[in-house]
Amino acid sequence: MCRWLSYRGDPVYLEHYLFDQEFSLIEQSLRARNSVTTTNGDGFGVGWYGTRDEPGLFREVLPAWNDNNLKTLAHHIQAPLFFAHVRASTGTETMRANCHPFAVGNWMFMHNGQIGSYERIRRDFDNTLSDDLYAHRAGNTDSEAIFLHFLSHLPGNGPKVALEKTIHSICELMKETGIEEAFRMTVSLSDGENLYAARFSSDPKPPSLYYQQTGNNVIVVSEPLDDRAEAWRMLAPGTFLTCTAEEGVMVEPLAL
């Protein structure tokens, strides 16, 4: 299982959360505490929003703890909204196109989890994408496919409904194919203005997900960055988090 964090708030240097915390994301890439997989060394990525509409991306196949470029970039890049992800592959190749975050236009996405027996539905799942969206399919992960299907449901719907429709279509395809393994996920999404996150599993074992709000600053993480239990709230299974400048954090149940 991968580890990730997403942040929205006052501009902050990426290194503050990637390197400087007691249990920073880089520390988690070596020694994750709330994951089946302790080491997350199958590549990494960061994505951030600056003055342009579309996010900047830096993704690599090296382990995050062993890339000096990441440390330099994190020291110099300051952003009000950014994603960071350290990857533990569930079977697909370690290559740049499979590293998170993924971006199309102004939307950015990252994921932790797995569609059970994904290889059995991969072709049918891809075939339901439009040609325009399939043109963005650069890798072969279930994560990228989930993102593109989310985008396919977005026109006419808000992000929550688009994700609900995506989850429903995956569960229906798994059922039709006779897959009994679980579909588990945490995801983070952004349009460059707002931050969204969700936690879901088709069985009682969803991946961990927490959030913290301090004034205008909100951070969502796979696992807490320190041992201050009172500072972190666990996002309940089957819920969707929205963070906007106007309303702050709102958590709603997924309608599935």
Side-chain angles (χ1 to χ4, degrees), residues 1-35 37-52 54-90 92-103 108-112 138-139 141 143-144 186-190 192 195 197 207-212 214 216-228 231-232:
M1 292 293 179
C2 310
R3 304 284 84 180
W4 59 256
L5 68 82
S6 55
Y7 170 86
R8 186 191 185 285
D10 299 326
V12 64
Y13 287 104
L14 274 57
E15 69 179 358
H16 180 68
Y17 291 115
L18 269 62
F19 290 93
D20 293 346
Q21 304 299 306
E22 182 180 4
F23 301 114
S24 68
L25 191 66
I26 302 306
E27 174 65 20
Q28 291 176 30
S29 71
L30 281 163
R31 287 173 286 272
R33 301 187 300 167
N34 291 6
S35 175
T37 305
T38 303
T39 305
N40 299 272
D42 297 321
F44 69 88
V46 292
W48 65 96
Y49 291 93
T51 57
R52 300 182 184 274
E54 70 277 7
L57 291 180
F58 175 62
R59 300 182 295 176
E60 256 304 342
V61 297
L62 290 173
W65 67 80
N66 198 33
D67 192 289
N68 288 331
N69 289 325
L70 175 61
K71 193 162 189 177
T72 299
L73 286 171
H75 181 69
H76 287 278
I77 293 175
Q78 188 180 47
L81 204 167
F82 72 88
F83 287 7
H85 186 282
V86 290
R87 183 171 182 254
S89 172
T90 54
T92 50
E93 293 87 342
T94 300
M95 60 183 187
R96 190 173 292 126
N98 283 344
C99 293
H100 309 224
F102 303 99
M108 187 163 60
F109 169 93
M110 62 184 174
H111 166 251
N112 172 39
T141 62
S143 304
E144 186 182 35
T186 63
V187 299
S188 191
L189 294 139
S190 181
L195 175 64
S208 59
L209 196 62
Y210 300 81
Y211 70 97
Q212 179 187 110
T214 307
N216 295 325
N217 304 333
V218 175
I219 184 167
V220 186
V221 296
S222 294
E223 56 186 74
L225 304 180
D226 55 48
D227 278 332
R228 297 180 303 129
W232 299 93

S.K.: Could you tell me whether the side chain of S222 and the main chain of W4 form a donor-acceptor pair under 3.5 Å?
M.R.: yes

S.K.: Can you confirm if the aromatic rings of F44 and F58 lie within a centre distance of less than 6.0 Å?
M.R.: yes

S.K.: For residues 12-22, pull every pair meeting salt bridge (Lys or Arg N to Asp or Glu O under 4.0 Å), keeping only residues two or more places apart or in separate chains.
M.R.: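 Salt bridge (Lys or Arg N to Asp or Glu O under 4.0 Å) check on residues 12-22 returns no pairs.
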
S.K.: Scan L5, V46, I77 and name whichever one has a side chain to side chain contact (heavy atoms under 4.5 Å, CB included) with F82.
M.R.: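 Single side chain to side chain contact (heavy atoms under 4.5 Å, CB included) partner of F82 among L5, V46, I77: L5.
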
S.K.: Taking only residues two or more places apart in sequence or in another chain, which ones pass side chain to side chain donor-acceptor pair (under 3.5 Å) with D226?
M.R.: R228, W232

S.K.: Can you check whether R87's main-chain N or O pairs, donor with acceptor, with R3's side chain at less than 3.5 Å?
M.R.: no

S.K.: For a quick test of reading the model, state the closest non-hydrogen atom pair linking L25 to A84 and the distance between them.
M.R.: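 Answer, listing the atom of L25 first, then A84: CD2-CB, 3.5 Å.
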
S.K.: Could you name each residue pair satisfying salt bridge (Lys or Arg N to Asp or Glu O under 4.0 Å) that touches residues 60-86, not counting sequence neighbours?
M.R.: E60-R96

S.K.: Which class fits the ring pair H111 and F109: parallel under 30°, tilted 30 to 60°, perpendicular over 60°?
M.R.: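 Correct class here is parallel.
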
S.K.: May I ask you to check whether F102 and H100 place their ring centres under 6.0 Å from each other?
M.R.: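 Ring centres of F102 and H100 closer than 6.0 Å.
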
S.K.: Kindly say whether A138 contributes a backbone atom to a donor-acceptor pair with the side chain of E144 at under 3.5 angstrom?
M.R.: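 Answer holds: yes.
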
S.K.: Take the angle between the ring planes of H75 and Y13 and call it parallel below 30°, perpendicular above 60°, tilted in between.
M.R.: parallel

S.K.: So which atom in C99 and which in G43 form the shortest heavy-atom distance, rounded to 0.1 Å?
M.R.: SG-CA, 3.9 Å

S.K.: What pair of heavy atoms forms the shortest contact from M95 to G139, and how long is it?
M.R.: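 In this case the closest contact between M95 and G139 is CE-CA, 4.0 Å.
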
S.K.: Give a yes or no on this: more than 12 heavy atoms of other residues, nucleotides or ligands lie within 6.0 Å of atom CG of N68.
M.R.: no

S.K.: Please check: side-chain N/O of Q212 versus main-chain N/O of V218, any donor-acceptor pairing under 3.5 Å?
M.R.: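 Checked: no pair found.
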
